[in-house]
Number of protein chains: 2
Amino acid sequence: MKTPHHHGNLREALIVAGMELLQEGGTSGLTLRKCAARAGVSHAAPAHHFKSLDGLLSAIAARGYEQFAKTMMAERDKSPDGARDQLLAICQGYLDFAEKNEALFDLIFNSVEITFDDPDLDNASTLAYQILAQACAPFVKKDQDPRYVETKVWSLVHGFACLSRQARGGGGGHPACGIAFADVFDSLSF
Amino acid sequence: MKTPHHHGNLREALIVAGMELLQEGGTSGLTLRKCAARAGVSHAAPAHHFKSLDGLLSAIAARGYEQFAKTMMAERDKSPDGARDQLLAICQGYLDFAEKNEALFDLIFNSVEITFDDPDLDNASTLAYQILAQACAPFVKKDQDPRYVETKVWSLVHGFACLSRQARGGGGGHPACGIAFADVFDSLSF
DNA sequence: ACCACAAACTTGACACTGTAAAGTTTGTGG
DNA sequence: CCACAAACTTTACAGTGTCAAGTTTGTGGT
């Protein structure tokens, strides 16, 4: 049955279609025309809701940040109450998300196409970051810039996520293969 | 004056053209047809030297790894002899390269298109990694897997490079803005 | 109930892209 | 000198993003 001229909720349908296509076929599997086709509209329909493909990608990235935040919070909520345990759990959530959502993770962190001018995206990224920042707060020394601890933890977990991803792609020979993040994290000092 | 039918050194010319286009216009500025045009040949000429665009990208990534390795060695060779000084210098070279060659850095580390089946690429990436691995050797404890130290350092510097890049793109509000890697590095323990 | 108008599409077109197939030019070895 | 393969060129196709013009329909005013 053909979709009537007015879809009714096309913006949302395009975002959902985009996330499905990313999950199924990676970055190159997501195109405007495929999103439009999956949403049941013509190839030019998205132009009314997104200025360009970059606009749609930014909206998808915002959604991705929300899922990312949820994954970290879910891990944190399952962990023991100790500050160090909670921080490690959040990092594990970070790495789980990166492993299970490689293309979305790429879009969020490595994509020059998305722009943080988008308020949804800016809000979502800020919220995600706050989870990590709050978990770092107990480790901040008196009169110390809290961003120092935050940057250290964030660099470590983000770097580990990136290298693990490269290790997964390149087979067993990659140096990061077999190294557990918990071991790297345990010797972290502040 | 028109290029004769036989270029003579087209493979190299395409790689050079590709690196120039990357530097000038970022990832989206590099296309097979533009490389061919810059090299003075038709759009189908590259097919004789590279199986596909991915093949050309892999060759460019190999070249990029070589430059990457040189940047780290240059910083190392300028630094004091202490093991910690040398490791920090190598990390600074890592970050310098990432900052000055954003698109090439992306191609090397974040590109799903390149494949390490390419022997040149595999060799170049291994050599680049060896620089970091050798600098980590002094910090490896007796009976400890050296990859543990290597992964820790590599995660920290790579993560910092990625976050700095995002900070540069998104303005002063990014949490990693203004944090010096040397400060993060100084408290690193093994 | 009717009508004007704007929102939300569709259709058609263009430029750019990667890749493939067929044809042409030229370097090289016998 | 010639055959043949390397190294191209030309042509074509499918897919892509974007744009402009046209069409459909929802909504608000009268």
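Every chain is numbered from 1 and lettered A, B, ... according to where its sequence line falls, protein lines coming before strand lines.
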Could you check how far [atom1] of [X] sits from [atom2] of [N], rounded to whole Å?
X: A:His43; N: D:dT16; atom1: NE2; atom2: P; result: 12 Å
X: A:Asp54; N: D:dG17; atom1: CG; atom2: P; result: 10 Å
X: B:Arg33; N: D:dT16; atom1: CZ; atom2: C1'; result: 13 Å
X: A:Asn9; N: D:dG26; atom1: CG; atom2: P; result: 15 Å
X: B:Glu113; N: C:dT17; atom1: CD; atom2: P; result: 16 Å
X: B:Leu53; N: C:dA20; atom1: CG; atom2: C1'; result: 16 Å
X: B:His48; N: C:dA21; atom1: NE2; atom2: P; result: 16 Å
X: B:Leu21; N: C:dG18; atom1: CG; atom2: P; result: 11 Å

Just checking A:Phe181 against A:Tyr94, ring centres under 6.0 Å apart?
no

When we call it a touch if two heavy atoms are under 4.0 Å apart, what does B:Lys51 touch: a base, just sugar-phosphate, or nothing?
nothing

Would you indicate what B:Thr31 reaches in the nucleic acid, counting non-hydrogen atoms under 4.0 angstrom: base, sugar-phosphate, or nothing?
sugar-phosphate

Under 3.5 Å, is there an N or O donor on one side and an acceptor on the other linking the side chain of A:His5 and the base of D:dG26?
no

Who does C:dG18 pair with, Watson-Crick or G-U, both distances under 3.5 Å?
D:dC13

Pairing check on C:dG29: which nucleotide meets the Watson-Crick or G-U wobble criteria with it, both distances under 3.5 Å?
D:dC2

Donor-acceptor under 3.5 Å (B:Gln86 side chain, B:Arg76 main chain):
yes

Looking at B:Arg147 and B:Glu150, is there a salt bridge between them, counting it only when a charged N and a carboxylate O are closer than 4.0 Å?
no

Looking at A:Glu24 and A:Lys34, is there a salt bridge between them, counting it only when a charged N and a carboxylate O are closer than 4.0 Å?
no

Looking only at the side chain of [X] (C-beta and beyond, no hydrogens), which of the listed nucleotides [options] gets closest?
X: A:Ala44; options: D:dC8, C:dG12, C:dG18; answer: C:dG12
X: A:His6; options: D:dT18, D:dG17, D:dT25; answer: D:dT25
X: A:His7; options: C:dT11, D:dC13, C:dC9; answer: C:dC9

Mind checking whether A:Phe109 and A:Tyr65 have parallel, tilted or perpendicular rings, split at 30° and 60°?
perpendicular

